Number of protein chains: 2
Amino acid sequence: MKELHETNPFKKPFGSLNELIDNITAVLGCPVTIEDANHRLLAYSSHEDGTDSARVGTIISQRVPEKVINRLWKEKVIPRLMQTETALRIPTIEEIGLRDRVAISIRKNQEVLGYIWAVDEQKKLSAEQLSLLKDAAGAATPLLLKLHLQRKRKKENYQDFFWQLLMGHYQSNEEIQQQFYELQITMPAQFAVLVFRFEQEITGKVEEQITYLIATSQKITNHFLIVMENELILIASPHPSQPDEKVFKEFISYFIMEMDNRFSIRGIKGSSGTIYHSFDRAETSYQQALKVLKLKEQFPEDLQKVFHYHQLGIFQYLDAILKEKKTSPYEHPAITKLENYDRLHNTNFLETLEVFVQHDSNAHEAARLLFVHVNTLNYRLKRIREIGDLDLKNAYEKMAVLVDLKIRRLQ
Amino acid sequence: MKELHETNPFKKPFGSLNELIDNITAVLGCPVTIEDANHRLLAYSSHEDGTDSARVGTIISQRVPEKVINRLWKEKVIPRLMQTETALRIPTIEEIGLRDRVAISIRKNQEVLGYIWAVDEQKKLSAEQLSLLKDAAGAATPLLLKLHLQRKRKKENYQDFFWQLLMGHYQSNEEIQQQFYELQITMPAQFAVLVFRFEQEITGKVEEQITYLIATSQKITNHFLIVMENELILIASPHPSQPDEKVFKEFISYFIMEMDNRFSIRGIKGSSGTIYHSFDRAETSYQQALKVLKLKEQFPEDLQKVFHYHQLGIFQYLDAILKEKKTSPYEHPAITKLENYDRLHNTNFLETLEVFVQHDSNAHEAARLLFVHVNTLNYRLKRIREIGDLDLKNAYEKMAVLVDLKIRRLQ
DNA sequence: GTTTCGTTTGTGAAATTTCACAAACGGAAT
DNA sequence: ATTCCGTTTGTGAAATTTCACAAACGAAAC
């Protein structure tokens with residue numbers, strides 16, 4: 001790649017990181033921070049202006065705050081930095097006090113040794129200046145190598161490893177096994193990713209309560225736990241005493257109930273992805289858990305008792321169907337007709353149909369939920385069959401009607 | 001657009017089309033045909049070599065054979081020719097005796113007056129020669145205008161109009177109304193597109209029988225009919241006596257049965273798209289009918305009694321779901337488990353589940369179809385619930401299982 | 001050969017669903 | 001106010017489904 005500038009101002013030996021950082025600050029004219037691969041602070045410029053709360057937090061605690069790291073993982077900022085050798089622009093993330101900045105990885109070939117951050121909020125760096133940053137990263141490499149940063153600290157790598165698993169960062173299962181080995185964690189034979197979304201941000205106190213509840217639940221064995229704003233993410237496996245997938249459902253409803261009972265924390269939504277045996281599926285399991293949560297928000301009543309991905313049933317495919325419907329719209333004729341009839345006669349046939357079908361065509365159940373006599377329901381169903389030209393004994397037709405009714409609710 | 005050649009050899013007045021065509025043949029060195037917008041033959045070169053059966057047919061009957069026109073519509077050749085001013089290459093279509101050739105529309109501004117065809121099978125025309133063809137088309141314009149080709153003949157325009165409707169060629173409903181008016185056809189208030197696929201090619205004799213059957217059916221009123229190889233396409237509306245959508249289903253099964261009874265023609269598959277009130281949806285209805293046929297081929301037993309698009313039920317969405325599954329594969333855990341169990345114990349649980357669910361959870365029906373005692377079925381279902389961790393009272397779960405089972409059959 | 005385990009079938013009673021019919025109800029039109 | 005029409009509710013009988021239990025079956029293991 002052709003360099004945009006003529007000369008490399010960092011092509012000289014630096015005695016220390018501080019010396020280097022002073023040079024970078026002088027060249028770029030904005031606050032600069034250097035951290036190692038574990039996000040521990042190594043050096044920072046004393047520039048006055050343009051320091052946001054994320055940077056302050058980093059300097060104070062000598063480490064990038066966990067909240068910030070988690071968010072940067074989730075936004076795929078760190079994965080991208082790890083993959084590229086060039087500088088990246090990171091847009092503002094208000095919630096974690098992170099203002100506009102650029103960053104680049106310091107690397108020795110494929111291995112990432114650390115990162116340089118520059119807060120260029122005041123005056124955006126030009127493409128040429130970003131290229132300079134790359135030279136600076138090159139100059140940092142020998143300095144970081146000298147620091148023997150390779151000694152990885154278990155506690156600190158743990159979090160990165162967790163996110164790398166969830167983001168599908170690893171190519172092969174061998175890599176993952178290697179990581180487990182290096183971190184001295186035994187790799188469970190099976191696992192699932194669980195996600196809990198709280199109404200409030202999770203405080204340190206609540207986090208303690210969470211840890212306590214998980215430890216005492218006797219249902220699952222927890223392997224990884226991370227707290228991020230109002231989300232709690234777990235990688236867990238069934239407790240040896242009951243090695244069945246069902247335990248996840250049980251654990252989630254247990255957890256939600258007990259958080260209410262014991263600590264009066266309400267409104268938690270929880271979900272679980274599929275159980276897998278190979279950790280290269282961790283990303284899949286995580287995405288599944290997120291999908292369950294999203295659907296639970298869209299269909300709170302329907303999915304009230306659903307916690308596990310496979311319980312979603314046809315809701316799994318609702319977004320795929322919705323996408324198809326957007327490209328080739330199709331109004332279900334029966335729904336259209338019933339809608340019109342309802343409007344003209346003040347009836348309630350469409351809802352009746354929906355309740356009946358979604359409750360497995362159980363007449364008594366549907367009548368109960370609709371507060372009508374069973375015979376009324378049967379009469380209505382007869383009319384619905386006539387008006388909508390529907391065969392309510394045909395599973396395929398019923399499925400389509402129900403799907404279309406659910407999609408209708410999304411619009 | 002910059003012309004590829006220096007001079008335009010057709011930039012002189014021609015006394016007749018034959019004079020022009022002799023010039024084109026001389027310049028391009030291959031057989032050339034000129035036809036009007038209704039595919040009537042206007043002039044043709046007497047070149048000896050490289051004449052395929054499509055061209056022979058055209059010359060003999062003074063018109064492009066219907067079979068060829070229909071196919072060119074279906075392959076979107078004619079729509080593309082109508083849309084562009086430049087020459088197009090048409091690949092060989094063996095079945096209709098059409099060999100490699102190029103074609104271009106002759107036009108006065110937006111209006112298409114006719115077409116020039118050149119069979120360059122022997123020696124492919126170069127890009128420069130294709131550009132010459134454009135000049136030739138320009139030279140043909142005044143000659144075709146002189147012929148007063150504007151007088152449109154009803155019978156001949158009919159077919160083009162039909163295809164234009166099916167291909168969604170019209171932008172607005174006004175245009176369509178105008179066309180109906182010009183062709184002196186009254187526009188029905190509603191319509192649906194029906195497609196029948198025969199096992200054999202439809203001969204003239206069979207076509208007569210078809211026309212006869214439709215005319216005497218008393219169920220539908222037919223407005224357009226086209227026969228293409230082994231396909232019969234209709235635009236029809238319900239007979240005034242029973243103005244309901246159901247008549248299409250009835251007509252299709254009636255038609256299939258009577259073609260067998262009366263004329264011993266078996267193996268016809270028929271389908272119908274949705275009924276619409278505006279002809280700008282003709283393309284949609286046609287596509288729906290085709291989709292029904294396609295699915296009937298993929299699921300012959302399941303869709304044996306399905307003729308109308310809306311009867312497809314969830315099958316409508318199967319391809320959308322399949323596409324989704326390809327991007328993010330998900331094995332249904334219950335299916336996997338049952339499959340394993342079946343293999344280990346020589347049981348038949350997976351099929352039992354499929355038959356039960358697809359027949360609307362009707363135990364007696366399913367037992368009958370599986371040739372087992374009802375209690376056996378119930379026992380199996382109990383085991384299936386246990387092994388697969390399935391809730392067979394949950395409509396959503398059952399839907400997903402059934403969908404996954406059907407998709408499984410596609411693979 | 002015997003045992004074991006999971007599956008299939010038969011029986012019968014209890015529970016539930018389905019259906020026809022009559023009556024009541026209530027809004028809209030006359 | 002009356003009538004009409006479509007909807008709701010109640011009643012009861014018939015049909016069907018569900019369930020528990022016993023016995024038979026058959027393949028695989030001992």
Side-chain angles (χ1 to χ4, degrees), chain A residues 243-244 333-395 397-398 401-402, chain B residues 243-244 246 333-395 397-398 401-402 405:
Chain A
D244 202 335
I335 294 178
T336 315
K337 285 178 196 157
L338 288 169
E339 211 170 8
N340 288 334
Y341 195 94
D342 275 351
R343 194 159 8 83
L344 282 156
H345 295 77
N346 287 317
T347 45
N348 204 16
F349 287 169
L350 202 55
E351 194 202 350
T352 304
L353 177 63
E354 183 169 0
V355 172
F356 175 73
V357 176
Q358 91 182 42
H359 288 93
D360 197 36
S361 309
N362 182 326
H364 273 88
E365 176 80 355
R368 190 177 61 76
L369 291 165
L370 290 165
F371 306 107
V372 295
H373 197 278
V374 192
N375 287 2
T376 305
L377 185 87
N378 276 315
Y379 167 76
R380 285 188 189 173
L381 290 173
K382 196 180 116 221
R383 299 285 294 123
I384 287 168
R385 289 196 301 268
E386 291 164 3
I387 296 164
D389 188 20
L390 280 172
D391 177 3
L392 291 180
K393 296 270 161 110
N394 182 317
E397 274 192 45
K398 284 198 289 193
V401 168
L402 188 52
Chain B
D244 202 336
K246 292 176 210 166
I335 293 178
T336 315
K337 285 178 198 159
L338 289 169
E339 211 171 6
N340 288 334
Y341 194 93
D342 274 353
R343 195 158 10 83
L344 282 157
H345 293 78
N346 286 319
T347 44
N348 204 16
F349 288 167
L350 203 55
E351 193 202 352
T352 303
L353 176 64
E354 182 168 1
V355 171
F356 176 74
V357 177
Q358 90 183 42
H359 288 91
D360 196 34
S361 307
N362 181 326
H364 273 88
E365 177 80 354
R368 190 178 61 75
L369 291 165
L370 290 165
F371 306 107
V372 294
H373 196 277
V374 194
N375 287 1
T376 306
L377 185 88
N378 276 314
Y379 166 75
R380 285 188 189 174
L381 290 175
K382 196 181 116 222
R383 298 285 293 123
I384 287 168
R385 289 195 302 266
E386 292 164 3
I387 296 164
D389 188 20
L390 280 171
D391 176 4
L392 290 180
K393 295 270 159 109
N394 182 316
E397 275 192 43
K398 283 197 290 191
V401 169
L402 187 51
L405 283 168

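Keep in mind it's a predicted model, so treat the numbers as computed, not measured. Below, read A as the first sequence line, B as the second, and so on, with proteins coming before strands; counting in each chain starts at 1.
- Using a 4.5 Å cut-off on side-chain heavy atoms (C-beta onward), A:Y341 and A:R383 make contact.
- Residues B:N346 and A:Y379 each lie close to DNA chain D; by heavy-atom proximity, the contact nearer the 5' end of the strand is made by A:Y379.
- For C:dT7, the OP1/OP2 oxygens have no side-chain nitrogen or oxygen of B:R380 closer than 4.0 Å.
- Between C:dT7 and B:Y341, a contact under 4.0 Å exists linking OP1 or OP2 to a side-chain N or O.
- A sub-4.0 Å separation between OP1 or OP2 of C:dT9 and a side-chain N or O of B:T376 is present.
- One donor-acceptor pair, N or O on each side, does fall under 3.5 Å between the base of C:dT11 and the side chain of B:N375.
- Comparing D:dT8, D:dT9, C:dT17 against the side chain of A:N362 picks out C:dT17 as the nearest.
- Nearest heavy-atom pair, A:L377 versus A:A366, reported as atom, atom and distance to 0.1 Å: CD2-CB, 4.0 Å.
- The side chain of B:F349 sits closest to C:dT7 out of C:dT17, D:dT9, C:dT7.
- Distances shown here put a side-chain N or O of B:H364 below 4.0 Å from the OP1 or OP2 atom of D:dT17.
- OP1 or OP2 of C:dT7 has at least one side-chain nitrogen or oxygen of B:R383 nearer than 4.0 Å.
- Taken to the nearest 0.5 Å, the NZ atom of A:K393 stands 7.5 Å off from the CG atom of B:D360.
- Within the 4.0 Å cut-off from OP1 or OP2 of C:dT7, not a single side-chain nitrogen or oxygen of B:H345 is found.
- Contact record, A:V357 with A:K398: CG1-O, 3.8 Å, taken as the closest heavy-atom pair.
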